[in-house]
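All heavy atoms count here, side chains included; hydrogens, waters and symmetry mates do not.
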Amino acid sequence: MSFLQTLTLILAAILIAMGINWLYFYIQGKRSAKVIDQETFRQGMRKAQVIDVREKKEFDGNHILGARNIPYTLLNNSIGSIRKDQPVYLYDTGKTLSVRAANKLRKNGYKDIYILKEGFNGWEGKKKSKKVT
């Protein structure tokens, strides 16, 4: 087997693994949360806990007005501060971290979980940025 054939097989295996990983998270996301559009998100956010799962630096730079920041990396430590009796609205830059956060929440008994379809990058509603002093 030549070097080029070996390299092609390795690259094909990597691409297949990436595809399986994507499919796994897609299916888990469908099981854990409902993906909603901006308008639905905006209409329901007053009755929900809006959580930005991006890192604090990104949140401080700009975030959806009314959201609180619980970075995905700290979710295990902060999960107790999220109420189970209210809907949970999640968002991040896209939706990858939100899907992972929804999976963790579902495994901890949360049922009413929603993810912003286009994430913060697609948000056209009110935003807030922290003023630097």
Side-chain angles (χ1 to χ4, degrees):
M1 189 180 269
S2 74
F3 174 74
L4 225 49
Q5 289 174 323
T6 305
L7 186 61
T8 302
L9 283 175
I10 291 171
L11 289 175
I14 290 171
L15 287 174
I16 289 169
M18 288 172 64
I20 290 169
N21 185 48
W22 177 86
L23 185 61
Y24 171 78
F25 279 109
Y26 176 79
I27 292 168
Q28 287 297 325
K30 288 279 191 188
R31 285 181 50 201
S32 298
K34 182 176 181 186
V35 177
I36 57 176
D37 62 23
Q38 276 191 66
E39 190 54 38
T40 307
F41 193 94
R42 192 178 295 116
Q43 289 172 358
M45 63 189 285
R46 288 196 177 131
K47 297 176 184 173
Q49 305 166 86
V50 180
I51 300 172
D52 183 327
V53 294
R54 299 175 302 158
E55 292 299 317
K56 183 174 179 4
K57 186 176 180 181
E58 290 176 279
F59 178 81
D60 288 346
N62 208 357
H63 60 271
I64 294 175
L65 185 65
R68 68 179 168 149
N69 183 227
I70 301 177
Y72 176 75
T73 54
L74 301 175
L75 186 60
N76 286 337
N77 299 333
S78 305
I79 209 160
S81 68
I82 303 170
R83 295 176 55 170
K84 289 184 179 180
D85 63 336
Q86 290 183 344
V88 179
Y89 279 32
L90 300 170
Y91 75 91
D92 64 291
T93 306
K95 68 180 179 195
T96 306
L97 287 178
S98 297
V99 169
R100 290 179 179 181
N103 288 335
K104 279 189 182 189
L105 291 171
R106 181 183 57 84
K107 288 176 183 175
N108 281 279
Y110 293 81
K111 304 242 185 278
D112 210 5
I113 307 167
Y114 301 87
I115 297 172
L116 179 59
K117 186 176 184 177
E118 288 113 18
F120 184 73
N121 283 346
W123 182 251
E124 296 171 357
K126 293 182 181 179
K127 298 177 183 177
K128 181 178 182 182
S129 56
K130 193 171 188 177
K131 293 181 181 174
V132 179
T133 54

Is it possible for you to check whether Lys127 lies under 6.0 Å from the centre of the six-membered ring of Phe120, through NZ or CZ, and within 45° of that ring's axis?
yes
More than 12 heavy atoms of other groups within 6.0 Å of Lys84 NZ
yes
Contacts of Ile79 meeting side-chain contact (heavy atoms from CB on, under 4.5 Å) (sequence neighbours excluded), chain-then-number -> Leu105, Asn108, Tyr110
According to side-chain contact (heavy atoms from CB on, under 4.5 Å), who are the partners of Lys34, at least two apart in sequence or on a separate chain?
Ile36, Tyr114
Determine yes or no for a side-chain-to-main-chain donor-acceptor pair under 3.5 angstrom, with Gln38 supplying the side chain and Gly122 the backbone.
yes
Check salt bridge (charged side-chain N to carboxylate O under 4.0 Å, His left out) between Lys56 and all other residues, then give those that pass, not counting sequence neighbours.
Asp60
Side-chain heavy atoms under 4.5 angstrom apart, residues restricted to Ile, Leu, Val, Met, Phe, Trp, Tyr: same cluster for Ile10 and Met18?
yes
Might you confirm whether atom NZ of Lys117 has over 12 heavy atoms from other residues, nucleotides or ligands at distances under 6.0 Å?
no
What pairs with Leu23 under side-chain contact (heavy atoms from CB on, under 4.5 Å), at least two apart in sequence or on another chain?
Ile27
Between the side chain of Ser98 and the main-chain N/O of Ile115, is any donor-acceptor distance below 3.5 Å?
no
Indicate every side-chain donor-acceptor pair of residues 63-71 with a distance under 3.5 Å to a residue at least two apart or in another chain.
from, atom 1, to, atom 2, distance (Å)
His63, ND1, Phe59, O, 2.8
His63, ND1, Lys128, O, 3.3
Arg68, NH1, Ser81, O, 3.4
Arg68, NH2, Gln49, OE1, 3.4
Arg68, NH2, Ser81, O, 3.0
Asn69, ND2, Asp52, O, 3.1
Asn69, ND2, Arg54, O, 2.9

Going by side-chain contact (heavy atoms from CB on, under 4.5 Å), Leu97 matches just one of Leu75, Leu90, Val53. Which one?
Val53
Give me each pair satisfying side chain to side chain donor-acceptor pair (under 3.5 Å) with a member in residues 3-24, each pair once, sequence neighbours excluded.
none
